[in-house]
K.L.:
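First the structure, then my questions, so here it is.
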Amino acid sequence: MRTYTLHVPEGALRGDPRALERAHLVRDGFSWGAFAFTVLWFLRHRLWLAALLVLVGLVGLALAGRALGLPPFAALVVTGLASLLVGMEASSLRRWTYGRRGKPARDAVLAGSQEEAELKVAARWLDAESVPSVIPTGATRPAHRRGDDAVIGLFPASEGGR
């Protein structure tokens, strides 16, 4: 199961189908496309600033390797590690760019595929009546019972009240 985040325009209200049409769904995790194609992947997703930053970083890395006189195998390893980093952070750069463009993350779902995530997001977004307006405070903390064997610090609580 993967986590997908939903990015909708700021000010969009739950239940508004027009906002869902302009939304973006971003899968969290490693991106093989960004690993293999780096800058081209960012350009495909219309992430201009991120593509420019990655391009500048890769060119700077290549120039630094040449200035240090790295052998070809070491340069290949460094390039592979840089591509690995891009593949791991591509989804985060996408979320950052959408947030900067006025489409912050508004929801997250767990799904096995992109299609399943789209169905879950649409069902949750369009079902505005099921969204609680106020979260009850008692629901976030479990009730503590005195009869439990509670451990405080390193030692169990004593029966005598000390």
Side-chain angles (χ1 to χ4, degrees), residues 1-128 130-133 135 139-142 151 153-154:
M1 298 288 270
R2 294 277 184 183
T3 303
Y4 293 83
T5 55
L6 174 69
H7 298 263
V8 295
E10 284 183 299
L13 299 175
R14 261 192 202 269
D16 182 14
R18 291 179 309 227
L20 198 55
E21 290 174 2
R22 296 187 315 264
H24 296 279
L25 201 60
V26 179
R27 185 183 75 133
D28 193 29
F30 188 79
S31 172
W32 285 101
F35 169 73
F37 302 109
T38 57
V39 176
L40 295 176
W41 184 88
F42 288 103
L43 293 175
R44 178 186 173 272
H45 288 283
R46 301 177 53 126
L47 305 173
W48 315 122
L49 183 59
L52 181 65
L53 290 173
V54 169
L55 180 63
V56 167
L58 290 174
V59 168
L61 192 62
L63 292 176
R66 186 173 295 244
L68 292 174
L70 289 179
F73 181 74
L76 180 67
V77 168
V78 169
T79 302
L81 290 174
S83 295
L84 185 67
L85 178 64
V86 167
M88 289 190 303
E89 294 300 322
S91 297
S92 298
L93 286 170
R94 246 180 112 185
R95 280 191 290 277
W96 172 76
T97 301
Y98 289 143
R100 201 177 54 77
R101 290 181 184 167
K103 291 183 178 183
R106 295 278 305 268
D107 199 1
V109 294
L110 289 174
S113 67
Q114 180 84 17
E115 293 80 22
E116 182 183 352
E118 289 171 357
L119 290 173
K120 284 183 176 184
V121 161
R124 286 172 62 165
W125 183 262
L126 297 175
D127 189 21
S130 68
V131 178
S133 59
I135 299 173
T140 58
R141 288 190 295 256
V151 176
L154 299 175

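Everything numeric here is computed off the predicted structure, so don't read it as measured data.
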K.L.:
Using a 4.5 Å cut-off on heavy atoms from C-beta on, say whether the side chain of Leu53 contacts that of Phe42.
P.N.:
no

K.L.:
Side chains of Thr5 and Leu25, heavy atoms from C-beta outward: is any pair under 4.5 Å?
P.N.:
no

K.L.:
Looking at Asp28 and Arg2, is any side-chain nitrogen of the basic one under 4.0 Å from a carboxylate oxygen of the acidic one?
P.N.:
no

K.L.:
Minimum heavy-atom separation for Ala82 to Leu58, with atom names?
P.N.:
CB-CD2, 3.9 Å

K.L.:
Kindly state each residue pair satisfying side chain to side chain donor-acceptor pair (under 3.5 Å) with at least one member in residues 45-60, sequence neighbours excluded.
P.N.:
Trp41-His45

K.L.:
At their closest point, which heavy atom of Leu47 faces which heavy atom of Arg101, and how far apart are they?
P.N.:
CA-NH2, 4.0 Å

K.L.:
Nearest 0.5 Å, what's the CZ-CZ distance between Arg106 and Arg124?
P.N.:
12.5 Å

K.L.:
For a quick test of reading the model, state the closest non-hydrogen atom pair linking Met1 to Gly112 and the distance between them.
P.N.:
SD-N, 3.8 Å

K.L.:
Give me the atom names and distance for the closest heavy-atom approach of Lys120 to Leu110.
P.N.:
NZ-O, 2.6 Å

K.L.:
What is the distance from atom CD of Glu116 to atom CD of Glu118, rounded to the nearest 0.5 Å?
P.N.:
11.0 Å

K.L.:
Quick one, Val109 and Leu6 - any side-chain contact, counting heavy atoms below 4.5 Å?
P.N.:
no

K.L.:
Any side-chain heavy atom of Leu81 sitting closer than 4.5 Å to one from Leu85?
P.N.:
no

K.L.:
Working to the nearest 0.5 Å, report the span between CZ of Arg14 and CG of Leu20.
P.N.:
10.5 Å

K.L.:
List the steps and the verdict of side-chain contact (heavy atoms from CB on, under 4.5 Å) for Val86 and Phe35.
P.N.:
CA-CA 6 Å; Val86 167; Phe35 169 73; over 6 Å; no

K.L.:
Answer yes or no: is there a side-chain heavy-atom contact under 4.5 Å between Arg44 and Phe37?
P.N.:
no

K.L.:
For residues Leu49 and Arg100, determine if any side-chain heavy atom of one lies less than 4.5 Å from a side-chain heavy atom of the other.
P.N.:
yes

K.L.:
Calculate, to the nearest 0.5 Å, the distance between atoms OG and CD belonging to Ser31 and Glu89 respectively.
P.N.:
11.5 Å

K.L.:
For Ala51 versus Leu43, what's the shortest heavy-atom pair and its separation?
P.N.:
CB-CD2, 3.7 Å

K.L.:
Keeping to residues at least two apart or across chains, list the ring pair (Phe, Tyr, Trp, His ring centres under 6.0 Å) pairs with something in residues 74-123.
P.N.:
His7-Tyr98, His24-Tyr98

K.L.:
Do the non-hydrogen side-chain atoms of Val78 and Leu61 ever get within less than 4.5 Å of each other?
P.N.:
yes

K.L.:
Kindly say whether Arg22 contributes a backbone atom to a donor-acceptor pair with the side chain of Lys103 at under 3.5 angstrom?
P.N.:
yes

K.L.:
Of the non-hydrogen atoms in Gly87 and Ala34, which two are nearest, and what is the gap between them?
P.N.:
CA-CB, 4.2 Å

